[in-house]
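Below is one structure, written out as structure tokens, with a few remarks after it.
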Amino acid sequence: MTPGWLVTGSGGMLGRDLLTVLAGEQVTALDRAALDITDPAAVRAAVAGHSVVVNCAAWTDVDGAETAEEAATAVNGTGVRHLAAACAETGARLLHVSTDYVLPGDAGHPYPEDAATGPVNAYGRSKLAGERAVAELLPEHGYIVRTAWLYGEHGGNFVATMLKLAAQRETLDVVDDQQGQPTWSYALAQRLVALGRAPEAPAGVYHGTASGRTTWYGLARAAYELSGLDPERIRPTNSAAFVRPAVRPAYSVLGHDRWATAGLPPLPDWRESLAEALGRPAFTALAPKDA
Ligand SMILES: NC(=O)c1ccc[n+]([C@@H]2O[C@H](COP(=O)([O-])OP(=O)(O)OC[C@H]3O[C@@H](n4cnc5c(N)ncnc54)[C@H](OP(=O)(O)O)[C@@H]3O)[C@@H](O)[C@H]2O)c1
């Protein structure tokens, strides 16, 4: 087997950052057009010859999954099962990206990696099916890396939306009753690559979210402050004012103890990464200067 990496879903927000981090390595990058993970024969052919597979392919339309759970599960559950089965055949390690939405989100303290799952929406259930497939088929070579509140340069996300809206609205009402860990996709990509380079790391669940915590309101204010915009333009509201098709967990704060078993630190604090991300051209271009 060659020591090469395979990145599936390479055209997505995280996938594109992963390719940047892996520049110079031997990498096969397959976007959705090149590999549909719901096709088991194509998955088997794609996995052959790679030693580390990073799965960034996913159905990520959380609200859409409520009325299309079967289609979401075909990708997030069955598609991931195909990848895990192919890796089990060849001995490749699989780094699979999952979500905080597999958890119920009703705790009052950070969820440890072995906390009981209990998704509150269809997307979460579909992602849990993928986690179970990885754990079942790859007990020694399967890595489930849960992330949350992801933002990056190469995809639609909350931070980009807030900055774009600054040009259109004087004030913005943002929910202040959901706790989470805003995670820069580039920082997660760096950590995935570090995990891929650590063959002795024990298989199982890792929490790939930023350290610290805030609310969407806190994140929007920080993004404005760091972009030279007046944070007072962001006003707090609650989830009842923004009802959406899929229920969102109120408490998405994850613990990071397991990284130590892989000899790696947790991801940096969310504010530190946000400051770095907002210095990147894709974000500076979005933020108009306050008059
Ligand atoms: N974004 C977040 O806030 C967040 C939070 C928690 C967890 N995650 C997880 O993080 C991972 C990366 O998310 P992301 O934000 O980078 O999402 P993304 O930008 O939507 O990327 C997902 C990619 O998967 C592709 N894809 C969809 N169905 C596919 C299929 N059947 N076969 C192959 N590729 C397929 C998509 O292609 P198309 O665009 O053509 O459909 C897209 O390029 C996912 O596992 C997601 O569940 C994300």
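Residues: numbered from 1 along the sequence shown. For ligands, and for the atoms within them, numbers begin at 1 and follow the listed sequence. Side chains are part of it too, since the values below use all heavy atoms of this structure and drop only hydrogens, waters and symmetry mates.
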Would you say atom 17 (O) of ligand 1 makes contact with the protein, given that contact here means a non-hydrogen protein atom less than 4.0 Å away? yes
By number and element, which atoms of ligand 1 are closer than 4.0 Å to a non-hydrogen atom of Ala57? 24 (O), 33 (C), 34 (N), 35 (C)
Return yes if some donor-acceptor pair links the side-chain N/O of Thr90 with the main-chain N/O of Ala92 below 3.5 Å, else return no. yes
Suppose we measure from atom 47 (O) of ligand 1 to each protein heavy atom; which comes out shortest, and what is that distance? Tyr123 OH, 2.7 Å
Minimum-distance protein heavy atom relative to atom 32 (N) of ligand 1: Ile37 N, 3.0 Å
Donor-acceptor pair, side chain of Tyr111 and main chain of Gly105, under 3.5 angstrom: yes
Distance to 0.1 Å, residue and atom name: give those for the protein heavy atom nearest to atom 38 (P) of ligand 1. Arg32 NH1, 3.7 Å
Heavy-atom proximity to atom 14 (P) of ligand 1, best of Val97, Leu14, Leu18: Leu14
Touching ligand 1 at all, Gly156? Heavy atoms, strictly under 4.0 Å? no
Measure from atom 27 (C) of ligand 1 to every heavy atom in Ala189, Ala58, Ser185 and give the option owning the shortest one. Ala58
Under 4.0 Å, heavy atoms only, figure out whether ligand 1 is touched by the backbone of Phe158, its side chain, both or neither. neither
Looking only at the aromatic ring of each residue, does the gap between the centers of Trp259 and Tyr206 stay below 6.0 angstrom? yes
To check your reading of the model: name the closest protein heavy atom to atom 42 (C) of ligand 1, its residue, and the distance in Å. Gly12 CA, 4.0 Å
Only heavy atoms of Ala148, strictly under 4.0 Å: list the atoms of ligand 1 that pass. 5 (C), 6 (C)
Subset of ligand 1 atoms that lie under 4.0 Å from at least one heavy atom of Leu35: 32 (N), 33 (C)
